[in-house]
Number of protein chains: 2
Amino acid sequence: MGKAAGETRDLAARDLALLATGRLRHAGLRPTRQRVELAGLLFRDMDRHVTAENLHAEVTAAGVKVSLATVYNTLHQFTEAGLLRQVIVDAARSYFDTNTGDHQHFFLETEGLLIDIPGESIEVAGVPAPPAGLAVDRVDVVVRVKRA
Amino acid sequence: MGKAAGETRDLAARDLALLATGRLRHAGLRPTRQRVELAGLLFRDMDRHVTAENLHAEVTAAGVKVSLATVYNTLHQFTEAGLLRQVIVDAARSYFDTNTGDHQHFFLETEGLLIDIPGESIEVAGVPAPPAGLAVDRVDVVVRVKRA
DNA sequence: CTCACAGTTTAGAACTGTTCTAACTCGTTG
DNA sequence: CAACGAGTTAGAACAGTTCTAAACTGTGAG
């Protein structure tokens, strides 16, 4: 919003937008206003876990007008482009993770909270060969936790 | 559904119903016609994986009238009673597993197919201590597979 | 710089799986 | 076997997500 807000914030915002734009171009996605805004929010911090509604509320709260449909579209496009990863832990809603590397999750169901577990620390042994005609695509570990 | 169908089938059906009834009583659930029918289908074979719609179709196809709402109610009651376990692998629908013991799953997403992996064979090591105030409730492993 | 077009966004309708509601039925206990 | 509480039901309601058709916008050509 105002130019009077000071250079620091403006520069940071500009940098963020530039970074996001580059990232989007690399992924073969047109850097539209909406995608740049969403990418800005998503990739500003590492290891974010968002739901569609969640992210829509955030971007709206930030004063940016983006429709819920676009948030869904964007999350899926980002996922397909390898910028996000979908995490399935809850039958009710879909989570998207900005950390696309090899890792697993703690999940606190009562609060819808996801926490990363580094891939190196965890190890799954003894997975049998899948039935004939099938190949392992990915191994997901969800450590469900509760308030102690 | 005639009586002429032969003793073998009739006896098996009666036994099944008796078994189901006993199981329900033990779980503190009134053995209503619907619950007995559903339990009969669910626990006739080991290691079944059903969805609500799925089971509703099956019971209906078997000529038994049970509403979808009752199927949902029953699946949840059975789960609460420890007769079933809910498996979360797909954001779109809920699966229920008749195997309540310690085990994990292969999941073939394209066909909605779940296959058990015995708990003894698989081992998850290196799970870090959960963040303060949280305790591990359960560790779920989903091996996502694809047609080779 | 402008135009035109393909790609994108949007509001709202539609859809899917699940839960709720209020009336009805059934199993159990006395 | 009566009566009461537990269970069932059809259909409405709901949440999250996807679809649709029309409006808009980034991009590359001229």
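Residue numbers begin at 1 in each chain, while the letters A, B, ... track the order of the sequences. Heavy atoms only: backbone and side chains are in, while hydrogens, waters and symmetry mates are out.
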Q) Starting at the 5' end of DNA chain D, which residue's closest nucleotide do you reach first, A:Thr51 or B:Ser67? A) B:Ser67
Q. If you round to the nearest 0.5 Å, how far is CG of A:Leu108 from CD1 of A:Ile115?
A. 7.0 Å
To the nearest angstrom, how far is [X] atom [atom1] from [N] atom [atom2]?
X: B:Lys65; N: D:dG7; atom1: NZ; atom2: C1'; answer: 15 Å
X: B:Arg93; N: D:dG16; atom1: CZ; atom2: P; answer: 18 Å
X: B:Leu29; N: D:dG7; atom1: CG; atom2: C1'; answer: 11 Å
X: B:Glu53; N: C:dG17; atom1: CD; atom2: P; answer: 5 Å
X: B:Leu75; N: D:dT8; atom1: CG; atom2: C1'; answer: 15 Å
X: A:Asp90; N: D:dG16; atom1: CG; atom2: P; answer: 10 Å
X: B:Glu37; N: D:dT8; atom1: CD; atom2: P; answer: 12 Å
X: A:Arg25; N: C:dG7; atom1: CZ; atom2: P; answer: 16 Å

Tell me whether the OP1 or OP2 atom of [N] has a side-chain N or O from [X] closer than 4.0 Å.
X: A:Thr32; N: C:dG7; result: no
X: B:Arg35; N: C:dG27; result: no
X: B:His76; N: C:dT19; result: yes
X: A:Arg33; N: C:dG7; result: no
X: B:Gln34; N: D:dT9; result: yes

Q.
Same cluster or not: B:Ile88 versus A:Phe107, using hydrophobic residues (I, L, V, M, F, W, Y) connected whenever any side-chain heavy atoms lie under 4.5 Å apart?
A.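 As far as the 4.5 Å side-chain criterion goes, A:Phe107 and B:Ile88 are not connected within one cluster.
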Q. Hey, which of these two, B:Tyr72 or B:Arg30, hits DNA chain C nearer its 5' end, going by closest nucleotide?
A.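 Nearest nucleotide further toward 5': that of B:Tyr72.
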(Q) Go nucleotide by nucleotide along DNA chain C from the 5' end; which of B:Ala92 and A:Leu68 gets its closest nucleotide reached first? (A) A:Leu68
Scan [X] against the nucleic acid and name what it touches under 4.0 Å (heavy atoms): base, sugar-phosphate only, or nothing.
X: A:Ser94; result: sugar-phosphate
X: A:Ala91; result: nothing
X: B:Thr70; result: base
X: A:His56; result: nothing

Q | Lys NZ or Arg CZ of B:Arg23 over B:Phe43 ring: under 6.0 Å, within 45° | A | yes
Q. Does B:Arg85 use its side chain to pair, donor to acceptor, with the backbone of B:Gly101 at less than 3.5 Å?
A.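 Yes; at least one donor-acceptor contact below 3.5 Å.
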Q: Specify whether B:Tyr72 and B:His76 have parallel, tilted or perpendicular ring planes, treating 30° as the upper limit for parallel and 60° as the lower limit for perpendicular.
A: tilted
**Q.** Salt bridge flag under 4.0 Å for residues B:Lys65 and B:Glu37
**A.**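 Between B:Glu37 and B:Lys65 there is no salt bridge, as every charged N stays at least 4.0 Å from the carboxylate O atoms.
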Q.
Starting the side chain at C-beta, find the nucleotide from C:dT10, C:dT28, D:dT17 nearest to A:Ala69.
A. C:dT10
